[in-house]
Amino acid sequence: MYPLDQCKKEITAELQKVVTKYHYNEEIRLEIPPEDMGDFAFPCFSLAPLFKKSPIEIAKEIAAKISKNKWIKTVEVKGGYINFFINTTSLTTPTIQSILDKKDTYGYLKKKKKKVIIEHTSANPNGPLHVGRARNPIIGDTLVRIFKAAGYAVESQFYLDDIGKQVAILAWGVNNIRHECIPISENKKADHQYVGFYQIANERMNSDETVAQNISDIVKKLEHGDYKTIEMIHASYAPVLDGIKQSLLRININIDTYIPESTFMYDKSVERIIKKLKQTLYCHEQDDAFYLDMESFGIQGRNTKFFFLRNDGTTLYATRDIAYHQWKAEHADILVNVLGEDHKLESKQVRIALELLQTKILPQVVFYAFVSLPGGKMSTRRGRVVYLDDLIDECIERAYEEVKKRRTNELTDSQMRKIAEIVGIGSLRYNIIKVQPEKDIMFKWEDALNFEGNAVPFIQYAHARACSILGKTKTEKHEFEAAVLTHASEIALIKQLARFPLIIDDACNNFKPHTIANYLYETASAFNQFYRDCPVLSDENKELRSSRLTLVDATRIVLHNALDLLGITSPEEM
RNA sequence: GGGCGUGUGGCCUAGCCUGGAUAAGGCACCGGCCUUCUAAGUCGGUAACCGCGGGUUCGAAUCCCGCCACGUCCGCCA
C-alpha cells in the first residue's frame, strides 16, 4: 500500500471511530478541500438531520474527539467541514523512498490476477488511418497502459475486417481498376497508394450494377470459404494493413493481436450463433432474411429490426461481432472496447444478443466523439480527410521549428531532430488524450500544435529540467532528509508525487485516461514552482542540497512514469 | 419522429458519476521577472447570470423534468 493510501485510510478510520458512537453508519467519504484549507475534508452537513444540530456544531463536536496520530497534524473546523492537515514528515520519507525503490513501476498497483482484453482501432484495412478516428488508437493504447499499471494482464486486439463488403470493394478495385485511373498520392506508403482503388471502386459500385454484383459475389465466395477469393482479398488488404501498423508504431502503439473476422466464420461459431439466435423468441424472418426484434429491449427509432442474416445466407458485421465477443469472453475476465460514437446502436444490439446467448462477460465500452474538421466530417470514401501520417509529419515539423528557434546555437541538427520527434509525437497524443473521449473536438492545426501552456512541451520541459539538474551532479550521492524540506513548494510537490497511485486507480476504474494528462500538468506545474522557489545546485547547505536533489530525482521518475502511461517519451533535454 | 452524447469567461478544457466552502486551469489580451539549476518557464491583472426554463434539497455546474443548439445513429454497410 502506498503512503497516501495509508494516510487516507487512517484518517477515515479515525473519523469512523468517532462517528459510530453517534450511530452514524454511512460510508465516510473524504473530500479534497480548496487550497490552503487542508489536505482532506469531511463535510458534516448530512449529519445534521440525524444529530438535530447545525453542521458547524457537529463539526466542532466531532473534531474535538479526533485524536492526533502519525498522520493527523491538525484538525480545523470551518463552516460545516472538518479539515485535516496531514503530517507531511510522515508522508515525505515513505513517498520518496517508494519512488526511489520502485522507479519505473512507482504508482503501479498490486497484481490483480485478471486478464483484460482491450479492443481498439479495428479500422477497415481499406486506406490510411485518418484524424477523424485518431482518438481510437490513442485512447485504446492509453487504456492498455493504464490497465497494465493497475495490475492487470492486458492483451490489445485489433478486430480485422477481412471478410466484409469494405475489403471486398478494395479488392475489386485493386484487381479491376488500372493504376493510371487512380489519383496519385504523394505518400509512398502502401495504405496511401491503395486508398484510391477503394474510393474509385466505391464510385463504380454505386453507379454500375454489374460492379455492385461482382462485389457482392466476392462477399458470398468469402463466406463460403472459397480459397482463391480469400487469397485475393488477403493480397489486396495486406499492404494497407501494413501501412496502418507502421503509422501506429510511429505514435508508439503496438497492438498485440490481430483477430480476423473470418476466424469466426471458418470455425463455425457464427453458424452456431445464428442457429441459437433463430431459436429465440425475438427472431423473425422477412424475405428470407432473419432479424431480432429489439423493441422490447428498449431500442427505439424508425427501425427496431436487428438483421443478423441476409437473404442470400451471408452474415453481417454485427453477427460476426457477436461471435468475436463470445470468444473474447472465454479468454478474459474483463473486456473493454474503444468505439466511435457511430457504433453505439450496433454495440447495444450486440450486447442484447450476447445476453440472449447468456454470455458470461459483457464488454465495457468507451465511446469517443469524432474529430471533425472546420468544414465538416471526414470521410475516407469521399477523400475528405486529414490522414494521421500527415498530421504526425506536421507535428514533428512544427516541433522542429520550435526547437530550432531556441537551440540552434547549442545543439546539432540531429539532436534537434530527435527532440522534435519526441515533442511532435507527444503533442499529438497529449492533445487527443487530454480531452474526455465523449467530447466533440474540432481539429485545428493552431490548437493541436500550440506548444505553450497546457500542452506536452510544458511537461516534457519540466522533465528535461529535472534531468539537467541531475546531470550536473552525477557523481553525488543523493542523501535524503525529510525534515529539511519545509518550503511550501517542496511540500506541495511531494504531496503531488504521493497522489500518483491514486490517480492510476481512478483512471483505470472509471475508464478515464484524460485524468492522467491532468495529473501530469499539475505535477509539472508543481515542479516549476519548486524550481522557482528552491535553488538546488547553488544551495550551501549540503543536507538541503542533497535532499532537494533527491526530490528532483523523484519528480523525474514520476513525470517519466506518467508520460509513459500516455505513450509519450520523456526527453532528457529540450 | 425517436435513441444516445455534448453545451462552463472572447476561444479551449477540468470539475458532473459520488450535490457542499470564493467554479479550477490553458489560449488570447494587458503589465512585471533572465550577471542565479534551459524564459518551451514564472508572477500579477482584465474576463463566467456553468445553453434556457422549471423542480428536488438546508445547499445544484453537479440529481430530476421540459425546451433549445450541436454531434451521432435509427442500412439485408462496417
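Predicted, not measured: the structure shown is a model, and the values here were computed from it.
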Would you say A/S538 places a side-chain N or O within less than 4.0 Å of OP1 or OP2 belonging to B/rU36?
no
Residue pair A/Y291, A/F308: steps toward the ring-ring contact (aromatic ring centres under 6.0 Å, His included) verdict:
CA-CA 6 Å; A/Y291 66 91; A/F308 61 91; 8.5 Å; no
Which residue lies more 5' along RNA chain B, comparing A/E31 with A/S525 via nearest heavy atoms
A/E31
Please tell me which of A/F530 and A/Q349 maps to the more 5' nucleotide of RNA chain B, matching each residue to the nucleotide holding its nearest heavy atom.
A/F530
Which whole-number value in Å describes the distance from A/H463 NE2 to B/rA40 P?
18 Å
Which heavy atom of A/V423 sits nearest a heavy atom of A/V456, and at what distance?
O-CG1, 3.8 Å
Can you check the A/Q529 CD to B/rG44 C1' distance for me, whole Å?
14 Å
On the nucleotide B/rC77, are OP1 or OP2 found under 4.0 Å from the side-chain N or O atoms that A/R310 carries?
yes
Look at the side chain of A/R302 and the base of B/rG1, then say whether one donor and one acceptor between them are separated by less than 3.5 Å.
yes
Ignoring hydrogens and geometry beyond distance, is the side chain of A/N83 in donor-acceptor contact with the base of B/rA21 at under 3.5 Å?
yes
NA contact type, A/G301, heavy-atom cut-off 4.0 Å: base, sugar-phosphate, or nothing?
base
Would you say a side-chain N or O of A/K434 is under 4.0 Å from OP1 or OP2 of B/rA14?
no
